[in-house]
Undergrad: 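I am attaching a structure below and will ask some questions about it afterwards.
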There are 2 protein chains.
Amino acid sequence: MVSIKDVARMAGVSDKTVSRVVNKEPNVHADTLQRVEAAIASLGYVPNMAARLIRSNRSRTFGIITDFISTTPYSGDIVRGIQDWANANGRTVFLANTNGNLDRERETWRTFQSHRIEGVLYVTMYHRVIDPEPDEVEIPTVLVNCRPGSKKPYVSIEPDDLQGSRDLTRHLLEKGHRRIGYIRLNPRLLGAELRYEAFRGTIRDAGLSEKDIDVRLGMDGAIGEENNYVFAAAREILIQPDRPTAIICGNDEMALQVYIAALGLGLSIPNEVSIVGFDDFRTVSHAVKPELTTAALPYYDLGYCGAERLERLLEGEVLEPKHAMLPCRLVERGSVGSV
Amino acid sequence: MVSIKDVARMAGVSDKTVSRVVNKEPNVHADTLQRVEAAIASLGYVPNMAARLIRSNRSRTFGIITDFISTTPYSGDIVRGIQDWANANGRTVFLANTNGNLDRERETWRTFQSHRIEGVLYVTMYHRVIDPEPDEVEIPTVLVNCRPGSKKPYVSIEPDDLQGSRDLTRHLLEKGHRRIGYIRLNPRLLGAELRYEAFRGTIRDAGLSEKDIDVRLGMDGAIGEENNYVFAAAREILIQPDRPTAIICGNDEMALQVYIAALGLGLSIPNEVSIVGFDDFRTVSHAVKPELTTAALPYYDLGYCGAERLERLLEGEVLEPKHAMLPCRLVERGSVGSV
DNA sequence: ATCGCGATTGACGACGTTGTCATAAAAAAT
DNA sequence: ATTTTTTATGACAACGTCGTCAATCGCGAT
């Protein structure tokens, strides 16, 4: 591997002068500069980050720790967002996923430590409460798409499920819906709690009562091996004579099942029943006809802003608020009609 | 940051002895070993990879270059597969995505070079032909989910679209279907070509003629902003008096639209029409009722095996075949009936 | 007691880079 | 013309680790 010394020899200068050129320091004579640059190009010299790191103790590197990458289809966008920020700001990114294995997580922290990573983005693939286990390692950390439990006061960035659910509910109310069905997410998901809570609050504020809503549990059980009651629940809701005019689904995947159920019963969407989802999984929300009105999870922005927060943390800034929220934008498509 | 010298001082030995302990070299006295290990634990010492790298010139590091992470929902599983292999084999992974930007790609190659990454996994999010642009940088590379164009003879690993499509078609034929509809992927996708080709070949081998099949274009246009004709095409196919008894869809997202179209026409699946997809996007294939019979893209395995191939490449092995194929496993669910 | 041999340990340098300081050359000020 | 300042350059050390080689120690064999 060609080193700074090879370049120096070729350009007939000292290694330090080459270093100056590489780091764009001032006070290098134009002629020298040119000779050195020529040598660099001709030898294909690329500086050795490891050596640089040893001297400066600054790796310009972030690490990403994820749990499962694949439970939620588009959550990889978080990583893309982090990447893009990093790229735009001269940082490189290590990636490690733990598959939820605690030993592996601890090992990952040590590996990151050994690479002298400057900050960690701890990313979960669905919104939840988590306590990272860095063991004895101490690296500045931002939680993305999750919030810290009790153990340590981490900084975090999360989607605003409350606002998203509120907006969806209000949207239906504005369209005149007064009898509304609701199919709940697996209660083990943080989003289940938040979305349901916001739904109930918004319904109450609008003056509707318990009789006006029809709430069913769509899923339960351990993540990855849950029981799925959505299709059956949707049918039950829809075969009632005084069925709701709209159904709010815990997420888009559930909404899809409600579509299938409604169409199977010969109901027209949105004329006879309106449907909204949550998450904006585009393989679903764009593929169903009419396309699905939903609240988009801001995956990409979570990553991008999370990385930005981490940088600010490293600069010693005190982040306020400690737990930032990013809005879940309401995406109006064709699945909601007026009553 | 605590270094090997701090440990040495605390344990009352030389730095070299600590090094021996850290690297599990033999010939260290039991007492010494214990003292050193105690010091390591008490100081929380973690070896500095950068320093190690400088000495040994071996970074034990892979880099991943991806194009877009998010066009295809579960393709992130490729990265997960790579990760898992890396983790099991003592390697750490850098990640960079280029968003399809060529300048960024070239910059990424240099960045990787500067970190003295030992090998690159060049990953595309959908199956296609590509020419990586490493500029002058030379790092051993394996292409994952893509095949090299003309420029350089890269090693690759790809899904076997031909086999998957053949299996799906045969499956329908075995179930007695003799009139089959086919909705094509965007022709710009490599999978479109391969899957369609295998379909036609299999149909021909079975002795069916052109009149027995009904082929429509589902999508075209630039990736990410395509025109979508699937829903309309599905309706056209299904309203014919002598409509096909089964429809093969370019992928699961298209299959979903065919579901919606069929159900909207009051047709029962699979009694009146059978449907198969491709890819096994689980948000779709598990959510539709009946669940979707499809061919699963082996994303995770592509990553895992790709990493393995890269390792073998680094060890100097000559890989045969140069372009490995991984099968697209037929997943039988409920969307196909017998005729 | 002497020798031989393996086990155990440390001194030292090198890896590629950059910070510090010194020196030399050129430009500006006197 | 001399002094001061600025610009340009290099020598050297240091970062943390490990390879090399030499030194010391213990212990059984002679």
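Throughout, a chain's letter reflects where its sequence line sits, starting with A, and its residues are numbered from 1. This one's a predicted model, so the numbers in the text were calculated from it and none came from an experiment.
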Undergrad: Checking only heavy atoms, does the side chain of B/R55 share a donor-acceptor pair with the base of C/dC15 at less than 3.5 Å?
TA: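 No.
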
Undergrad: Counting the atoms with a prime plus P, OP1 and OP2 as sugar-phosphate, which does A/T32 contact under 4.0 Å by heavy atoms, base, sugar-phosphate, or nothing?
TA: sugar-phosphate

Undergrad: Report which part of the nucleic acid B/V22 touches: base, sugar-phosphate, or nothing (heavy-atom distance under 4.0 Å, all strands).
TA: nothing

Undergrad: Would you indicate what A/R52 reaches in the nucleic acid, counting non-hydrogen atoms under 4.0 angstrom: base, sugar-phosphate, or nothing?
TA: sugar-phosphate

Undergrad: Using atom CZ of B/R60 as one end and atom P of D/dT17 as the other, report the distance to the nearest whole Å.
TA: 18 Å

Undergrad: Select base, sugar-phosphate, or nothing to describe what A/S19 touches, counting heavy atoms under 4.0 Å on all strands.
TA: base

Undergrad: Please pick, from C/dT9, D/dA14, D/dA11, the nucleotide with the shortest atom-to-atom distance to any side-chain atom of A/K16.
TA: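 Nearest to the side-chain atoms of A/K16, counting from C-beta on, is D/dA11.
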
Undergrad: Would you mind telling me which of C/dT17, D/dG10, D/dG16 lies closest to the side-chain atoms of A/R20?
TA: D/dG10

Undergrad: CD1 of A/I4 versus P of C/dA14: gap in Å, rounded?
TA: 18 Å

Undergrad: Provide, to the nearest angstrom, the distance between the CD1 atom belonging to B/I40 and the C1' atom belonging to D/dT17.
TA: 13 Å

Undergrad: Could you tell me whether A/D84 and B/R104 have a side-chain N and a carboxylate O separated by less than 4.0 Å?
TA: yes

Undergrad: Checking contacts here: which listed nucleotide (C/dT9, D/dC18, C/dT17) is nearest the side-chain heavy atoms of B/N23?
TA: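 Nearest listed nucleotide: D/dC18.
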
Undergrad: Scan B/P47 against the nucleic acid and name what it touches under 4.0 Å (heavy atoms): base, sugar-phosphate only, or nothing.
TA: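 Since only primed, P, OP1 and OP2 atoms lie under 4.0 Å of B/P47, the category is sugar-phosphate.
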
Undergrad: Any chance the rings of B/F94 and A/F94 have centres within less than 6.0 Å?
TA: yes

Undergrad: What does A/N57 touch in the nucleic acid at a heavy-atom separation under 4.0 angstrom: a base, only the sugar-phosphate, or nothing?
TA: nothing

Undergrad: Please check if any side-chain donor atom of A/Y122 sits under 3.5 Å from a side-chain acceptor atom of A/E105, or the reverse.
TA: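 A pair is found: one side chain offers a donor N or O, the other an acceptor, under 3.5 Å apart.
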
Undergrad: Does B/R58 pair with B/E118 as a salt bridge, N-O distance under 4.0 Å?
TA: yes

Undergrad: B/I54 has an atom CD1; how far is it from atom P of C/dT18, in whole Å?
TA: 10 Å

Undergrad: Between D/dG16, D/dC18, C/dT17, which nucleotide gets closest to the side-chain atoms of B/N48?
TA: D/dG16

Undergrad: Using a strict 4.0 Å threshold on nitrogen-to-oxygen distance, state whether A/R9 and A/D15 make a salt bridge.
TA: no

Undergrad: Considering heavy-atom distances to DNA chain C, does B/R116 or B/N27 have its closest nucleotide positioned more toward the 5' end?
TA: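 Its nearest nucleotide lies further toward 5', so the answer is B/N27.
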
Undergrad: Among D/dC18, D/dG16, D/dT9, find the nucleotide with the atom closest to the side chain of B/S3.
TA: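 Closest nucleotide among those given: D/dG16.
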
Undergrad: Whole Å only: how far is the CG atom of A/L53 from the P atom of D/dC15?
TA: 14 Å

Undergrad: Establish, with yes or no, whether the OP1 or OP2 oxygen of C/dG10 is under 4.0 angstrom from a side-chain nitrogen or oxygen of B/T17.
TA: yes

Undergrad: Can you measure A/Y45 atom OH to C/dG16 atom P for me and round it to whole angstrom units?
TA: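 Rounding to the nearest Å, OH of A/Y45 and P of C/dG16 are 10 Å apart.
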
Undergrad: Hydrogens and angles aside, do B/H127 and B/E158 bring a side-chain donor and acceptor to less than 3.5 Å of each other?
TA: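 Judged by distance alone, the side chains do pair up.
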
Undergrad: Roughly, in whole Å, what's the span from CD in B/E25 to C1' in D/dG19?
TA: 9 Å

Undergrad: A/D15 has an atom CG; how far is it from atom P of D/dA13, in whole Å?
TA: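 One finds 13 Å between P of D/dA13 and CG of A/D15, rounded.
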
